[in-house]
Amino acid sequence: MKMKRVAGWMMAAVLTASMMAGCGSNAAGSSAPEPEATEEQTTQDETTTVAETPETQDAEEPDESAEDNEAPVAAKIPAVTGELLDAAKIMVAGAQNKAEEINVPMVISVVDMDGNLVLLHRMEGSLLASLDIAQNKAFTAVALKMPSADVKELSQEGNELQGIAVQSAGRIVEFGGGLPIMNSEGEQIGGIGVSGGSVAEDTSVAQAGLDAYAAGQQIEAASGGELLDAAMKMVEAAEQKAVEISVPMVISVADMGGNLVLLHRMENSLLASLEIAPNKAFTAVALKMPSADVQALAQEGSELQGIAVEHAGRIVEFGGGIPIYDADGVQIGAIGVSGGSVAEDTSVAEAGLAAVSGQ
């Protein structure tokens with residue numbers, strides 16, 4: 001992992017005071033002014049195909065006749081990356097650099113104070129089990145408001161947290177690698193969780209992320225492997241498009257096993273999109289086609305009738321999931337985007353793909 005990729009953004013310094021209901025505490029302190037709420041945003045019918053939506057619909061003039069299949073009506077506010085997401089980018093870059101330095105590929109995750117993912121990077125060669133473990137470590141750090149390493153002693157027989165590891169659907173972790181994220185005022189705003197090496201290695205990588213956040217400087221992230229490097233470029237371009245059309249999105253990239261390589265949640269994006277976006281990417285690799293193409297094939301009497309209920313509901317029948325191909329035309333993964341109308345989601349996914357076309 002010798003290549004360097006730009007993944008640094010200036011750290012914010014003051015916790016956001018308000019956010020969209022259900023999206024969690026997406027904040028990390030900043031002196032930047034908070035965005036003001038504007039008029040209503042109505043999400044569009046997610047049954048339109050890519051072919052039917054060559055141009056992105058105007059986010060401020062939605063088709064009021066369209067039914068909403070993906071999400072309820074949400075108050076429209078200016079789309080921003082989010083202060084916790086901006087901080088998470090710095091943390092993940094710092095952690096990824098440390099992982100490369102010690103030559104241990106890691107999964108690095110950041111969650112908000114509701115335990116929901118804000119950013120996740122999976123470096124090439126990291127353990128597949130670490131996808132869940134890293135997130136659970138970060139969850140532990142917010143659920144118990146302590147480093148995950150501190151849970152072990154407290155959960156021993158006779159101690160106050162005895163048996164805690166079997167609670168919370170197994171999401172509580174008793175070993176190191178999960179650390180609370182504190183802002184400049186000493187308030188906890190989230191958790192970082194790292195998995196892939198020994199407890200000492202995981203903890204050192206998580207701490208390197210916190211140290212990068214505290215330094216508050218633009219930094220470069222070490223290469224995390226070919227697909228993660230490409231995913232970082234795609235997500236940066238996709239995020240810019242989402243801001244341009246003023247629709248906060250969840251943007252995900254999956255490998256050919258359908259496993260997350262990167263997940264990126266913008267502030268005020270729909271909480272439901274945390275599952276929908278990865279499922280769109282999964283659909284595009286599981287069926288090797290854009291998710292928009294599934295609808296016609298899944299109709300009654302068609303060859304894929306009933307496919308949407310297979311794979312534990314992970315197959316999506318509407319647009320926003322698109323295959324990723326390498327320079328030789330071989331599919332290497334997929335991008336999945338959720339948060340707006342089908343046209344908006346598709347336009348954001350296509351903007352991401354355009355950033356790496358021809359590579």
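To the nearest 0.5 Å, atoms CD1 (I181) and CD (E187) are separated by 14.0 Å.
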Kindly determine whether D211 and Q207 satisfy side-chain hydrogen bond (donor to acceptor under 3.5 Å, both in side chains), including the steps that lead there.
-> CA-CA 6 Å; D211 291 344; Q207 186 60 54; 2.9 Å; yes
Test E275 against N279 for side-chain hydrogen bond (donor to acceptor under 3.5 Å, both in side chains), laying out the working first.
-> CA-CA 6 Å; E275 291 189 2; N279 286 349; 5.1 Å; no
Kindly indicate, with the supporting measurements, whether the criterion side-chain contact (heavy atoms from CB on, under 4.5 Å) is fulfilled by D293 and L287.
-> CA-CA 10 Å; D293 293 354; L287 299 179; over 6 Å; no
Using the salt bridge (charged side-chain N to carboxylate O under 4.0 Å, His left out) rule, take K241 and E244 through it: C-alpha gap first, then chi angles, then the decisive distance, then the call.
-> CA-CA 5 Å; K241 180 66 174 178; E244 175 188 320; 3.4 Å; yes
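With sequence neighbours excluded, the residues forming a side-chain contact (heavy atoms from CB on, under 4.5 Å) with D150 are M146, P147, listed by chain and number. For the side-chain contact (heavy atoms from CB on, under 4.5 Å) test, residues two or more places apart in sequence or in another chain that qualify with S204 are K98, I102. Applying the side chain to side chain donor-acceptor pair (under 3.5 Å) rule to Q331 yields no partners; only residues at least two apart in sequence or on another chain are considered. Applying the side-chain contact (heavy atoms from CB on, under 4.5 Å) rule to A95 yields the partners I108, V205; only residues at least two apart in sequence or on another chain are considered. Residues meeting the ring-ring contact (aromatic ring centres under 6.0 Å, His included) test with F139, sequence neighbours left out: none.
In this structure the side chain of M106 never reaches within 4.5 angstrom of the side chain of H121, judged on heavy atoms. With a 4.5 Å cut-off on side-chain heavy atoms, N183 and Y213 count as touching. Looking only at side-chain heavy atoms (C-beta outward), L263 and V250 come within less than 4.5 Å of each other. Side-chain atoms of V294 and V316, non-hydrogen and from C-beta on, never get closer than 4.5 Å to each other.
Checking L228, N259, L262 one by one against R122, the side chain to side chain contact (heavy atoms under 4.5 Å, CB included) holds for a single residue, N259. The residue from V337, I276, L260, L117 that alone fulfils the side chain to side chain contact (heavy atoms under 4.5 Å, CB included) condition with S252 is L260.
Using a distance-only test at 3.5 Å, with no hydrogens or angles considered, a donor-acceptor pair links the side chain of D255 to the main chain of G257.
Between A99 and M123 the shortest heavy-atom distance is CB-SD, 3.7 Å.
Annotation: side-chain hydrogen bond (donor to acceptor under 3.5 Å, both in side chains) contacts involving residues 134-147, sequence neighbours excluded, comprise K137-D202.
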